[in-house]
Participant: 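What follows is a structure written as C-alpha cells; I'll ask about it next.
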Amino acid sequence: MTDIVREMLISHDAYETRVAIVEDKQLVELYIERPKRSVVGNVYLGKVKDVLPGMQAAFVDIGLDKNAFLYVDEVVAPEGVNDMPRRDIQSLLKPGQQVMVQVLKDPMGTKGARVTTEITLPGRFLVLMPFSPFVGISRKLPDAERDRLHDIIAPSVPEGIGVIVRTAAAGANEHDLQNDLEFLLRLWRRVQHQAHEGLAPEVVYTEMDLALRMVRDAFNTDFKRLVVDDKKLHEKVVSFLKKTSPELVRRMSLYKDREPLFTAYGLRTQTELATRRTVPLPSGGHLTIDKTEAFTAIDVNTGSYVGKRNLEDTILRTNLEAADEAVRQLRLRDIGGIIVIDFIDMEVPAHRDEVQRRLATALERDRTKTRVTEISRLGMVEMTRKNVTDGLYGILTEPCPTCHGEGRIVSDATRRISAERRLREILTTGRSSAYLVAMSPETYALVTAPGNNAVPILKAETGKHITLIADPDCSPTEVKVIIEGRAGSEE
C-alpha cells in the first residue's frame, strides 16, 4: 500500500472552529466546536443526588442541565472496599457527598453526561493517572521503543501515581518526557487545590479547546502539514508546539488566500455528504446508513454498477469499495455503539476473506477503538466503536419538527381521513350547533379540495354548521375548535 498523504486543516471564524483530517485529499475526520462546546475531559466537583442500588449507579449534579450518570465500575474505591466480594454502589457513595468526577461522554438526547472518578490528565506525550499506580506504554509502538520509553519514564513517576506513554512519544527524548510529566503533576496539584477550595457543583479543570486538543492528540510526524486560516489561532498552536514538539513547527503554515480554506480543499461537498443517508461508491454502488436507538445499520448496494465480467466480480469490487467507504464514514460521522454492515452476499469464501482484510486495513487508520466480528456467510459484519460525542450528524442536523426524526410523515390520504373523522366526532358528540375549526393549510387543502369537499357532506349528515380556516400554527394532524355556538347567532 502506497504511503498516504495526511494533512490537518484548522479553520476558525466567529461561528465555529473546524478541524479536518484529510488523507490523499479525501476528508476522513471532521470535528466542529461551537460556543456550546463539548465537556468531555472536564473535571467537576460534583454532588451525589441519588444512589440507585438496582442499577448500581448514581446521579451526580455537576452543574449541567441534566445530572451526570456514574456507574459503580467507574468509581475509584476507598482503601479496603476493593476487598469486598462484590462492589456495592451504596458502600461507595452517599446522597449529598461531594465527589470529583471527569466527563467521559457528553450529554446526548435525554441522557446526562457519563462520568468517572478515575481522573486522567492528558499531555502531549503522557497521560497522568493519579489513582492508577502503573506505567503503561502504547501498544502501537515497536517493542524496542516501548522498552526505551519505559526505562526513561518509570523511575520518575511518583509512588501511587500512574502514567500512560502515548504513541506521540515515539522518538521523544528524556528532557521532553520529563517536562511533560512535571507539567501534568503541577496541573494535578492545581486541580486538587481547586477541588479542595471549591463548592459543588463546580468545574475544577477545563479541557483544551478543539484546535489545541486535536494538535495535542493527533498531529505527529505522520502528517505532511498543518494548515491554519486564523492568525491568532496559528500563533497559539505554534506556541504550543514549540513547548511540546518543536520539530513539528516547520510543518505548520498560515493560510492567507481569499478563497476559504475548506473550499480550496474541496471539503464543502464532502461535508454535505456526511449528513446524507445514501453515500455513493466510485464504481456506481452506494451505501445506505440508518441510525436507530439500538445500533447503526450500513447496507451495501451495487446500484448502477453492473460489472465487466461476472456477478461475483461485481459483488467483490462493490464490497471492497464499501469496506473503505464504510470506515471513512464511521470516522467522518464519528459513529459509535453497535454497528452492523450488511455486505452483498459472497458465495466464494476467498472473497469474504479479501473483504475482511480490506475492512481491517481501513480500521487501522481509525484512532477510535473498535471490535469487529468475522464476515458471516450472509455478508454481515458486527462491530462496536467507542464514541464520546453526538458526532458530526448530531452537530450539523436536528430532528425534523414534522416527523420528529422518524424519517416518515403521515400520508395525504391518512391525514384527510383522520381530519374528517375528527370533524365528524366534533359535530356528532358536541352539544353546539355551529363550529369554527382550524387546521394546518396543507390539511385544509386536502379536506376542502374541489370535487372532494368534506364540509357540505358533514353538514348534510349532522345537520350542524361548520366553518374551516387554515392556521399555520396547527400541526399537520391537528384539528382545533376555535369557537362553538348556535348556528342562528352566526347568520
Side-chain angles (χ1 to χ4, degrees), residues 40-46 48 60 70-89 91-94 97-104 115-198 200 202-208 213 216-217 243-245 369:
V40 171
N42 288 2
V43 178
Y44 293 86
L45 181 63
V48 178
V60 183
L70 175 61
Y71 186 58
V72 65
D73 288 346
E74 297 289 355
V75 180
V76 176
E79 284 189 41
V81 176
N82 276 327
D83 296 332
M84 296 173 60
R86 177 178 173 272
R87 300 184 85 213
D88 181 20
I89 193 70
S91 67
L92 298 171
L93 297 172
K94 306 294 180 187
Q97 178 181 342
Q98 290 198 156
V99 58
M100 185 162 50
V101 296
Q102 187 170 35
V103 178
L104 295 173
V115 296
T116 178
T117 64
E118 182 72 72
I119 310 298
T120 58
L121 299 175
R124 173 66 175 163
F125 303 117
L126 308 172
V127 177
L128 189 73
M129 301 180 299
F131 303 118
S132 300
F134 73 91
V135 176
I137 313 291
S138 169
R139 294 185 179 277
K140 293 183 179 180
L141 297 172
D143 289 343
E145 180 65 0
R146 296 179 74 222
D147 292 341
R148 183 186 76 87
L149 292 169
H150 185 274
D151 292 343
I152 291 175
I153 202 65
S156 304
V157 179
E159 187 176 350
I161 284 181
V163 298
I164 293 175
V165 182
R166 310 180 70 166
T167 308
N173 58 41
E174 183 174 355
H175 178 264
D176 292 336
L177 294 170
Q178 292 289 354
N179 280 350
D180 209 32
L181 178 60
E182 289 171 11
F183 163 76
L184 291 172
L185 290 172
R186 287 196 305 271
L187 178 60
W188 173 234
R189 287 193 291 269
R190 192 158 64 242
V191 170
Q192 285 180 302
H193 177 75
Q194 286 281 103
H196 181 72
E197 298 292 327
E202 181 179 320
V203 61
V204 294
Y205 166 76
T206 303
E207 177 63 299
M208 289 179 172
R213 193 165 68 245
R216 179 194 69 195
D217 295 345
K243 295 174 185 175
T244 59
S245 302
K369 184 179 179 181

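Computation of the quantities below employed the complete heavy-atom set of this structure, encompassing side-chain atoms and omitting hydrogens, waters and symmetry-equivalent molecules.
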Participant: Taking side chain as C-beta onward, heavy atoms only, is R216 less than 4.5 Å from R213?
Facilitator: yes

Participant: Work out which heavy atom in T117 is nearest to a heavy atom in V99; give both atom names and the distance.
Facilitator: CG2-CG2, 3.7 Å

Participant: Would you name the heavy atoms of P130 and I119 that are closest together and state the gap between them?
Facilitator: CD-O, 3.1 Å

Participant: Measure across S245 and F125 and return the closest heavy-atom pair with its distance rounded to 0.1 Å.
Facilitator: OG-CZ, 3.7 Å

Participant: After noting the C-alpha distance and the side-chain angles of V43 and M100, does the key distance pass the side chain to side chain contact (heavy atoms under 4.5 Å, CB included) rule?
Facilitator: CA-CA 7 Å; V43 178; M100 185 162 50; 3.5 Å; yes

Participant: Quick one: pull up CG in L121 and CG in L187 and give me the separation to the nearest 0.5 Å.
Facilitator: 5.0 Å

Participant: Hey, could you give me each pair passing salt bridge (charged side-chain N to carboxylate O under 4.0 Å, His left out) that has a residue in residues 152-178? Not counting sequence neighbours.
Facilitator: R166-D217

Participant: Please identify each residue that fulfils side-chain hydrogen bond (donor to acceptor under 3.5 Å, both in side chains) with R148, with sequence neighbours left out.
Facilitator: E145

Participant: Can you tell me if Q194 uses its side chain to pair, donor with acceptor, with the backbone of Y205 under 3.5 Å?
Facilitator: no

Participant: Please give me the minimum heavy-atom distance between L128 and L181, naming the atom from each residue.
Facilitator: CD1-CD1, 4.2 Å

Participant: So, using side-chain hydrogen bond (donor to acceptor under 3.5 Å, both in side chains) as the criterion, who are the partners of S138 when residues are at least two apart?
Facilitator: T167

Participant: If you round to the nearest 0.5 Å, how far is CD1 of I152 from CG of N173?
Facilitator: 7.5 Å

Participant: For residues 120-137, which residue pairs pass the salt bridge (charged side-chain N to carboxylate O under 4.0 Å, His left out) check, not counting sequence neighbours?
Facilitator: none

Participant: Let me confirm one number: the OG1-OH distance from T116 to Y71, rounded to the nearest 0.5 Å.
Facilitator: 13.0 Å

Participant: For G123, is there any backbone N or O sitting under 3.5 Å from a side-chain donor or acceptor partner on D180?
Facilitator: no

Participant: Using a 4.5 Å cut-off on heavy atoms from C-beta on, say whether the side chain of K94 contacts that of V48.
Facilitator: no

Participant: Got a sec, which residues hit side-chain hydrogen bond (donor to acceptor under 3.5 Å, both in side chains) with R146, two or more places apart in sequence or on another chain?
Facilitator: none

Participant: Checking F131 now: which residues fulfil ring pair (Phe, Tyr, Trp, His ring centres under 6.0 Å) with it, not counting sequence neighbours?
Facilitator: W188

Participant: Could you tell me if the side chain of L185 sits less than 4.5 Å from the side chain of I161, heavy atoms only?
Facilitator: yes

Participant: Starting from the C-alpha separation in whole Å, work towards a yes-or-no answer on side chain to side chain contact (heavy atoms under 4.5 Å, CB included) for E207 and V40.
Facilitator: CA-CA 7 Å; E207 177 63 299; V40 171; over 6 Å; no

Participant: CG of D143 to CD1 of I137: how many Å apart, nearest 0.5 Å?
Facilitator: 11.5 Å

Participant: Can you name the nearest heavy-atom pair linking L70 to L93, along with the distance?
Facilitator: CD2-CD1, 3.6 Å

Participant: So, does N42 use its side chain to make a donor-acceptor pair with the main chain of T206 at under 3.5 Å?
Facilitator: no

Participant: What's the spacing between L126 CG and I153 CD1 if we round to 0.5 Å?
Facilitator: 5.0 Å

